[in-house]
J.: 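The following block contains the structure, expressed as structure tokens.
Quick note on labels: first sequence line is chain A, next is B, and so on, each numbered from 1.
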Amino acid sequence: KAGVTQTPRYLIKTRGQQVTLSCSPISGHRSVSWYQQTPGQGLQFLFEYFSETQRNKGNFPGRFSGRQFSNSRSEMNVSTLELGDSALYLCASSLFQGGDIQYFGAGTRLSVL
Amino acid sequence: KQEVTQIPAALSVPEGENLVLNCSFTDSAIYNLQWFRQDPGKGLTSLLLIQSSQREQTSGRLNASLDKSSGRSTLYIAASQPGDSATYLCAPFTGNQFYFGTGTSLTVIP
């Protein structure tokens with residue numbers, strides 16, 4: 001069974017640009033969660049999608065948004081990039097919504113110059 | 001807001017030692033708690049998930065305990081191996097999200 005796939009693996013952008021990251025969950029998993037990992041703040045929850053609906057949201061500004069498609073694939077978008085958005089963005093899939101075993105992808109490393 | 005602390009931040013042990021990693025959290029109203037390992041430059045791998053009604057969960061050489069009322073969990077690793085070298089994170093689930101600790105970086109010396 002294929003694992004969680006995140007694309008692209010690495011990304012370099014400049015301030016003010018926008019970026020879209022993609023996450024394909026394990027087949028059969030309907031929940032996708034997104035996390036931001038930085039050396040200073042650690043791992044922080046961004047949002048969770050289940051059955052194409054955002055179910056929970058972390059404490060991030062509205063520049064961070066996401067969506068989930070009918071095949072459970074998910075995208076995360078960050079608009080008007082800031083230097084502080086440089087981070088490893090991880091997505092995790094699970095069978096059920098909320099509190100289930102999380103299966104993580106390898107992440108997308110975003111650098112904002 | 002849930003605050004999660006992991007002690008020690010870093011640990012270096014010789015191969016074969018048994019060791020304990022500690023995790024404490026401020027809000028005891030949790031549904032479950034997961035332990036993960038993260039290898040450099042990679043995503044996280046779930047090791048164990050303990051439900052709030054459980055006291056212990058075991059998988060191979062790993063044993064995790066949970067004392068919900070005191071806001072503590074421990075991960076016990078028996079007979080450590082160099083392949084256990086990684087960062088270990090705990091994450092209690094409060095009903096809306098997992099809150100992650102800052103992790104314990106473990107190095108097992110051959």
Side-chain angles (χ1 to χ4, degrees), chain A residues 2-10 21 23-26 29 31-50 53-60 64 66 87-111, chain B residues 1-10 23-54 57-59 62 64 66 68 73 86-105:
Chain A
V4 178
T5 303
Q6 290 188 246
T7 57
R9 289 295 314 278
Y10 303 92
L21 312 182
C23 174
S24 293
I26 291 173
H29 285 193
S31 173
V32 173
S33 297
W34 287 90
Y35 297 87
Q36 182 196 65
Q37 187 174 32
T38 59
Q41 299 296 319
L43 242 166
Q44 293 183 287
F45 172 76
L46 280 154
F47 29 66
E48 178 188 18
Y49 284 86
F50 183 83
T53 303
Q54 187 181 93
R55 302 293 176 154
N56 293 296
K57 189 176 190 307
N59 190 26
F60 278 82
F64 292 82
L88 179 65
Y89 290 89
L90 294 162
C91 88
S93 75
S94 58
L95 265 173
F96 306 111
Q97 173 196 346
D100 196 8
I101 295 175
Q102 304 279 290
Y103 295 85
F104 280 81
T108 294
R109 174 76 62 185
L110 172 65
S111 296
Chain B
K1 185 197 166 191
Q2 179 78 275
E3 300 288 340
V4 184
T5 304
Q6 291 189 244
I7 294 173
C23 169
S24 61
F25 44 95
T26 55
D27 183 356
S28 62
I30 65 169
Y31 286 78
N32 61 47
L33 183 144
Q34 258 182 96
W35 280 93
F36 297 86
R37 67 174 279 169
Q38 184 173 28
D39 294 279
K42 295 188 179 179
L44 282 67
T45 301
S46 180
L47 298 172
L48 289 163
L49 183 149
I50 315 179
Q51 300 294 345
S52 61
S53 57
Q54 296 178 301
Q57 188 71 265
T58 298
S59 176
L62 305 179
L66 176 63
K68 190 180 142 180
S73 178
T87 296
Y88 290 79
L89 300 105
C90 69
F93 181 75
T94 56
N96 292 319
Q97 61 173 283
F98 284 99
Y99 287 89
F100 285 81
T102 47
T104 293
S105 177

J.: Using a cut-off of under 4.5 Å for heavy-atom pairs, which of A:Gly107, A:Gly98, A:Cys91, A:Gly58 has the most such pairs with chain B?
T.: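 Of A:Gly107, A:Gly98, A:Cys91, A:Gly58, A:Gly98 has the most heavy-atom pairs under 4.5 Å with chain B.
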J.: Below 6.0 angstrom between ring centroids: does that apply to A:Phe104 and B:Phe36?
T.: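 Yes - the distance between ring centres of A:Phe104 and B:Phe36 falls below the 6.0 Å cut-off.
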J.: Roughly how far apart are B:Phe25 CZ and B:Cys90 SG, rounded to 0.5 Å?
T.: 8.0 Å
J.: Ring pair (Phe, Tyr, Trp, His ring centres under 6.0 Å) with B:Tyr99: which residues, sequence neighbours excluded?
T.: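 B:Tyr99 satisfies ring pair (Phe, Tyr, Trp, His ring centres under 6.0 Å) with no residue once adjacent residues are dropped.
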J.: Under 6.0 Å from the NZ atom of B:Lys42, do we count more than 12 heavy atoms belonging to anything else shown?
T.: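 Not more than 12 within 6.0 Å, no.
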J.: By a 4.5 Å heavy-atom criterion (distance strictly below it), what part of A:Ile101 contacts chain B: side chain, backbone, both, or neither?
T.: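 For A:Ile101, backbone and side chain are both near chain B.
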J.: What part of A:Asn59 gets within 4.5 angstrom of chain B, counting heavy atoms only: side chain, backbone, both, or neither?
T.: neither
J.: Using only non-hydrogen atoms and a strict under-4.5 angstrom cutoff, which residues of residues 36-46 of chain A touch chain B?
T.: A:Gln37, A:Leu43, A:Phe45
J.: Sequence neighbours left out, what passes salt bridge (charged side-chain N to carboxylate O under 4.0 Å, His left out) with B:Asp27? Give chain and number order.
T.: none
J.: Using atom types as modelled and distance alone, determine if a side-chain donor or acceptor of B:Arg37 lies under 3.5 Å from a backbone N or O of B:Ser46.
T.: no
J.: Mind checking what makes side chain to side chain donor-acceptor pair (under 3.5 Å) contact with A:Asn56, not counting sequence neighbours?
T.: A:Glu48
J.: Contact part of A:Phe47 toward chain B, heavy-atom cut-off under 4.5 Å: side chain, backbone, both or neither?
T.: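 Nothing of A:Phe47, per the 4.5 Å heavy-atom cut-off to chain B.
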J.: Taking side chain as everything from C-beta outward and backbone as N, CA, C, O, which of these in B:Gln38 sits under 4.5 Å from a heavy atom of chain A? Side chain, backbone, both or neither.
T.: side chain
J.: Considering only heavy atoms, which portion of B:Asn96 lies under 4.5 Å from any heavy atom of chain A: side chain, backbone, both, or neither?
T.: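 Contact with chain A: backbone and side chain both.
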J.: What part of B:Leu44 is in contact with chain A, defined as an atom under 4.5 angstrom from a non-hydrogen atom: side chain, backbone, both or neither?
T.: both
J.: Does A:Tyr49 use its side chain to pair, donor to acceptor, with the backbone of A:Gly66 at less than 3.5 Å?
T.: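 The answer is yes, because a donor-acceptor pair under 3.5 Å joins these two groups.
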J.: Crowded around B:Tyr31 OH? As in, over 12 foreign heavy atoms under 6.0 Å?
T.: no
